[in-house]
Amino acid sequence: RQRWRADGRALRKLPVHVGLVVTEEEPSYADMASLVVWCMAVGISYVSVYDHNGIFKRNNSRLMDEILKQQQELIGLDYSKYTVEFANQDKTGQVLNCQSTLKVLSPEDGKAGIVKAAQNFCQLVAQQQRTHTDLDVNVLDNLLSSTNGFPDPDLVLKFGPVDSTLGFLPWHIRLTEIISLPSHLNISYEEFFSALHHYAACEQRWGK
């Protein structure tokens with residue numbers, strides 16, 4: 001645990017929100033749980049788990065159980081001191097960092113968020129608090145942030161051979177650094193931390 005914290009502090013920059021995107025057909029609960037626990041262990045505040053078939057979301061209790069198991073195995077008796085909010089289920093479970101929040105997402109979450117933001121804007125127009133000419137990138141971004149409750153991802157780790165994020169939060173990742181890894185299966189902590197190190201060394205130009 002001390003090594004993970006030291007690793008997180010040693011990075012020039014640490015992402016606040018990491019998206020873990022699996023494009024492989026058979027996701028591994030154990031390997032995804034390890035990735036989630038490592039994210040929290042190095043000090044990442046928000047984690048999103050996503051697969052394009054919605055398998056993790058449909059079986060989020062199984063994923064939660066695996067996270068709790070991994071967390072107890074990795075940090076031992078201290079695990080009872082730490083909690084994570086599972087944002088989808090409105091309940092908490094014991095896991096590594098009391099300030100970490102996890103969302104388990106599927107393709108409809110990204111589309112639904114945009115639809116909800118559009119509905120909210122239309123309601124404001126109907127109430128004469130906005131006009132249709134007010135709609136621009138910044139307004140939509142603020143509406144999406146208010147419905148999502150998460151900051152936009154700083155980093156997406158995409159696992160698998162598909163050269164696409166397959167619908168993961170399409171609006172929120174327009175400025176996100178995306179790092180592709182061959183597979184999440186049997187991934188090691190060294191591979192995970194190497195990706196964080198790569199992110200820390202990137203100079204983000206924000207489209208300039």
Side-chain angles (χ1 to χ4, degrees), residues 1 3-4 7-8 14-15 17-76 78-79 82-89 91-97 100-110 150 153-170 172-173 176-199:
R1 185 169 66 257
R3 174 198 171 184
W4 293 330
D7 283 347
L14 187 68
H17 178 187
V18 170
L20 303 173
V21 176
V22 174
T23 66
E24 297 158 283
E25 291 301 320
E26 296 185 10
S28 164
Y29 292 89
D31 291 312
M32 182 52 66
S34 294
L35 285 160
V36 170
V37 171
W38 293 335
C39 283
M40 296 173 178
V42 298
I44 293 166
S45 299
Y46 298 91
V47 183
S48 295
V49 170
Y50 177 91
D51 71 278
H52 65 288
N53 292 318
I55 295 173
F56 285 131
K57 187 173 182 179
R58 289 196 304 274
N59 300 280
N60 54 52
S61 60
R62 180 178 172 185
L63 178 62
M64 179 177 176
D65 289 344
E66 188 61 44
I67 290 171
L68 302 183
K69 175 186 172 184
Q70 293 272 350
Q71 177 253 355
Q72 188 172 5
E73 289 176 355
L74 290 170
I75 69 168
D78 286 343
Y79 82 99
Y82 303 95
T83 61
V84 66
E85 177 187 355
F86 279 72
N88 305 72
Q89 297 96 16
K91 62 182 180 180
T92 58
Q94 292 170 336
V95 83
L96 257 169
N97 189 321
S100 296
T101 307
L102 173 70
K103 277 191 177 181
V104 185
L105 304 173
S106 60
E108 62 263 22
D109 291 298
F150 264 36
D154 306 289
L155 171 66
V156 164
L157 299 181
K158 183 191 71 66
F159 303 96
V162 181
D163 190 20
S164 169
T165 55
L166 298 177
F168 172 73
L169 297 178
H172 303 83
I173 61 171
T176 299
E177 189 73 27
I178 300 173
I179 296 176
S180 296
L181 296 167
S183 176
H184 73 302
L185 301 175
N186 300 313
I187 191 167
S188 67
Y189 174 75
E190 286 70 26
E191 291 172 292
F192 163 77
F193 186 70
S194 177
L196 291 186
H197 193 272
H198 178 76
Y199 165 80

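Checked against Thr23 for a side chain to side chain contact (heavy atoms under 4.5 Å, CB included), the options Asp51, Asn53, Leu166 give a single hit: Leu166. Between Leu20 and the options Phe159, Phe168, Tyr50, a side chain to side chain contact (heavy atoms under 4.5 Å, CB included) holds for only Phe159.
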For this session: Verify side chain to side chain donor-acceptor pair (under 3.5 Å) between Tyr29 and Asp65, making sure each step is shown before the conclusion.
Result: CA-CA 9 Å; Tyr29 292 89; Asp65 289 344; over 6 Å; no

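For the atom pair CG (Leu196) and CD1 (Ile179), the distance works out to 7.5 Å, reported to the nearest 0.5 Å. Taken from CD in Gln70 to OG in Ser34, the straight-line distance is 3.5 Å, to the nearest 0.5 Å. Rounding to the nearest 0.5 angstrom, the gap separating the OG atom in Ser48 from the CG atom in Leu105 is 4.5 Å. Remark: Ser61 OG to Asn59 CG distance equals 7.0 Å, nearest 0.5 Å. The structure places CE of Met40 at 9.5 Å from CD1 of Ile44, a figure rounded to the nearest 0.5 Å. Note that CD1 of Ile178 is 4.5 Å distant from CD1 of Ile173, once rounded to the nearest 0.5 Å.
Using a 4.5 Å heavy-atom threshold, the side chains of Asp154 and Tyr199 count as touching. In this structure the side chain of Glu177 never reaches within 4.5 angstrom of the side chain of Val156, judged on heavy atoms. A 4.5 Å side-chain heavy-atom check between Pro27 and Met32 finds every atom pair outside the cut-off. No side-chain heavy atom of Lys57 sits under 4.5 Å from any side-chain heavy atom of Lys103. Within the 4.5 Å cutoff, side-chain heavy atoms of Val49 are placed close to those of Val36. At least one side-chain heavy atom of Ile187 sits under 4.5 Å from a side-chain heavy atom of Leu35.
Of all non-hydrogen atoms in Gly54 and Pro107, the two that sit nearest each other are N-CD, 4.4 Å. Pairing each heavy atom of Ser183 with each of Glu24, the nearest pair is OG-OE2, 2.6 Å. Here the shortest heavy-atom pairing between Lys158 and Ser180 reads CE-OG, 3.1 Å. Across all non-hydrogen atoms, the minimal contact from Val47 to Cys39 is CG2-CB, 3.7 Å.
Ring pair Trp38/Tyr189 is perpendicular by interplanar angle, where above 60° counts as perpendicular and below 30° as parallel.
Between the side chain of Thr176 and the backbone N or O of Pro153, at least one donor-acceptor pair lies under 3.5 Å.
Counted by atom type alone, His17 and Ser45 present zero donor-acceptor pairs between their side chains at under 3.5 Å. Checking Ser194 against Glu191 by side-chain atom types alone, no donor-acceptor pair falls below 3.5 Å.
Within a 6.0 Å sphere centred on CD of Glu26, heavy atoms belonging to other residues, nucleotides or ligands number 12 at most. A 6.0 Å sphere centred on CZ of Arg62 holds no more than 12 heavy atoms belonging to other residues, nucleotides or ligands.
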